[in-house]
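For reference, the structure discussed in these notes is given below.
Residue numbers begin at 1 in each chain, while the letters A, B, ... track the order of the sequences. On a predicted model such as this, the values are computed, not experimentally measured, just so you know.
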2 protein chains.
Amino acid sequence: METNSSGTSTRPRPGGRSARVRYAVHRAVTELLAEDPAESLTIPVIAARAGVHATTVYRRWGSVPELLSDIATSRFSGDVVVPDTGSLRGDLERWVGQVATDLADPDVLKLMRAAVGTGPLGCDACVADRHAQLAAILDRERSRGGAPPEVERTADLLLGPLYYRAVFIDRPAGPDWARTLVAGLLG
Amino acid sequence: METNSSGTSTRPRPGGRSARVRYAVHRAVTELLAEDPAESLTIPVIAARAGVHATTVYRRWGSVPELLSDIATSRFSGDVVVPDTGSLRGDLERWVGQVATDLADPDVLKLMRAAVGTGPLGCDACVADRHAQLAAILDRERSRGGAPPEVERTADLLLGPLYYRAVFIDRPAGPDWARTLVAGLLG
DNA sequence: TCCATATTGCAGTGATCGCTGCGTTTGGTT
DNA sequence: AACCAAACGCAGCGATCACTGCAATATGGA
């Protein structure tokens with residue numbers, strides 16, 4: 001689909017240097033967020049920390065909100081493996097435990113709060129992949145012949161308490177406590 | 001204990017004009033947040049909208065995060081009346097419904113996301129009074145002779161899904177749906 | 001009414017931000 | 001190896017920001 005039909009096209013170039021710059025900028029934002037959360041996260045500061053010129057950041061990302069959304073998307077993708085324990089309850093318990101462990105990292109919390117502050121796009125970047133994983137788990141149960149609850153309801157009752165505790169109460173839940181949420185969902 | 005023991009003291013002056021300025025600034029921030037969420041919410045812009053000089057805002061609040069925390073605190077205090085229906089279930093159902101209705105306002109969501117983005121203080125400002133209300137409801141049940149669940153657990157299972165849906169999914173729950181959460185808590 | 005002072009308005013300064021041409025370097029193709 | 005376009009570095013511009021003395025005004029009590 002991305003292959004150009006015309007002779008002259010804009011070929012993206014995900015090669016060596018671009019990837020290096022991208023990683024350096026992501027790392028710089030994470031570090032700055034971890035050091036001083038209340039600091040004014042601005043593009044010149046980010047670029048200086050990353051050892052990259054600010055122009056590059058302006059051209060590739062445009063603004064801090066878009067940059068944060070990009071970071072959140074890549075940070076919250078592929079960090080949790082969808083388990084396959086043979087039963088829906090086992091899958092959900094293990095998965096919720098992983099999510100809780102991930103949420104216990106203070107740096108993750110800071111990134112998430114910053115992303116939320118940029119608006120709906122940043123919020124969606126934090127949970128989009130989680131919902132995809134949940135859908136995969138529920139689909140597998142459905143292929144087993146089971147009748148799992150809806151994705152929305154499952155996310156509300158599992159992810160809701162987890163994210164609420166982490167973001168608003170600033171006291172992330174432990175993996176074992178998180179597993180008890182599954183009992184509340186499946187009865 | 002704010003009463004001065006010495007003759008010369010710094011008496012706060014919450015009188016007419018100060019209150020007017022405070023209200024104007026709060027209103028200005030709310031308006032700006034509602035108009036363009038991605039806009040750079042800066043103090044000169046806020047002051048201009050409020051018809052107040054920027055110096056005043058710098059002196060009274062110091063920074064945008066502190067201002068947002070103050071606004072969130074006053075916005076999320078006293079907007080919900082703690083009900084007394086005679087039973088714990090009734091109290092919780094009515095209260096959760098009120099919270100859900102409040103969360104359905106898009107402007108409230110924008111304020112909350114902005115406050116979250118400023119760090120733990122802003123987050124706490126959004127939920128502190130909610131927890132106080134919840135504690136009052138549970139205390140009343142305890143005075144009736146009942147054995148209600150803990151405040152923390154109640155907040156996790158009721159406020160968690162509500163806030164998660166509103167903030168992250170951008171699809172606030174209806175009051176009637178919110179009431180079903182009480183069934184999941186009390187069994 | 002009148003006074004002490006808390007609070008606001010005003011003008012100005014250094015610093016930083018966001019952004020834009022232009023030349024250089026790198027990556028992928030032929 | 002040679003070529004071309006994409007991505008990056010560089011220098012500089014206008015605009016805005018955060019902040020600070022000093023003067024003026026409003027507020028609450030005597």
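With hydrogens and angles ignored, a donor-acceptor pair closer than 3.5 Å exists between the side chain of B:Arg59 and the base of D:dG21.
Salt bridge present: B:Arg142 and B:Asp139 bring a charged side-chain N and a carboxylate O closer than 4.0 Å.
For A:Thr56 and D:dG9, the shortest distance from a side-chain N or O to OP1 or OP2 is below 4.0 Å. OP1 or OP2 of C:dC10 has at least one side-chain nitrogen or oxygen of B:His53 nearer than 4.0 Å. Residue B:Arg22 places no side-chain N or O under 4.0 Å from the OP1 or OP2 atom of C:dT7. Taking side-chain N and O atoms only, B:Tyr58 has a distance below 4.0 Å to OP1 or OP2 of D:dA18.
One can place CD of B:Glu66 at 13 Å from P of D:dA18, the figure rounded to the nearest angstrom. Between A:Trp61 atom CH2 and C:dG18 atom P the separation is 15 Å, expressed in whole Å. One atom, CZ of A:Arg20, and another, P of D:dC8, lie 10 Å apart when rounded to the nearest Å. Whole-Å rounding puts the A:Leu67 CG to C:dG18 C1' distance at 15 Å.
Ring pair B:Tyr164/A:His131 is parallel by interplanar angle, where below 30° counts as parallel and above 60° as perpendicular.
Checking D:dA18, C:dG18, C:dG9 against the side-chain heavy atoms of B:Thr42 singles out D:dA18 as nearest. In the set C:dC17, D:dA18, D:dG21, D:dG21 carries the atom at the smallest distance from any side-chain atom of B:Thr55. Here the side chain of B:Arg60 is nearest to one of D:dC17, C:dT8, D:dC8, namely C:dT8.
Note on B:Val57: nothing from the nucleic acid sits closer than 4.0 angstrom, heavy atoms only.
Considering CD of A:Glu93 and CG of A:Asp91, their distance stands at 10.0 Å, rounded to 0.5 Å.
In terms of modelled atom types and a separation under 3.5 Å, the side chain of B:Arg140 and the main chain of B:Pro83 share a donor-acceptor contact.
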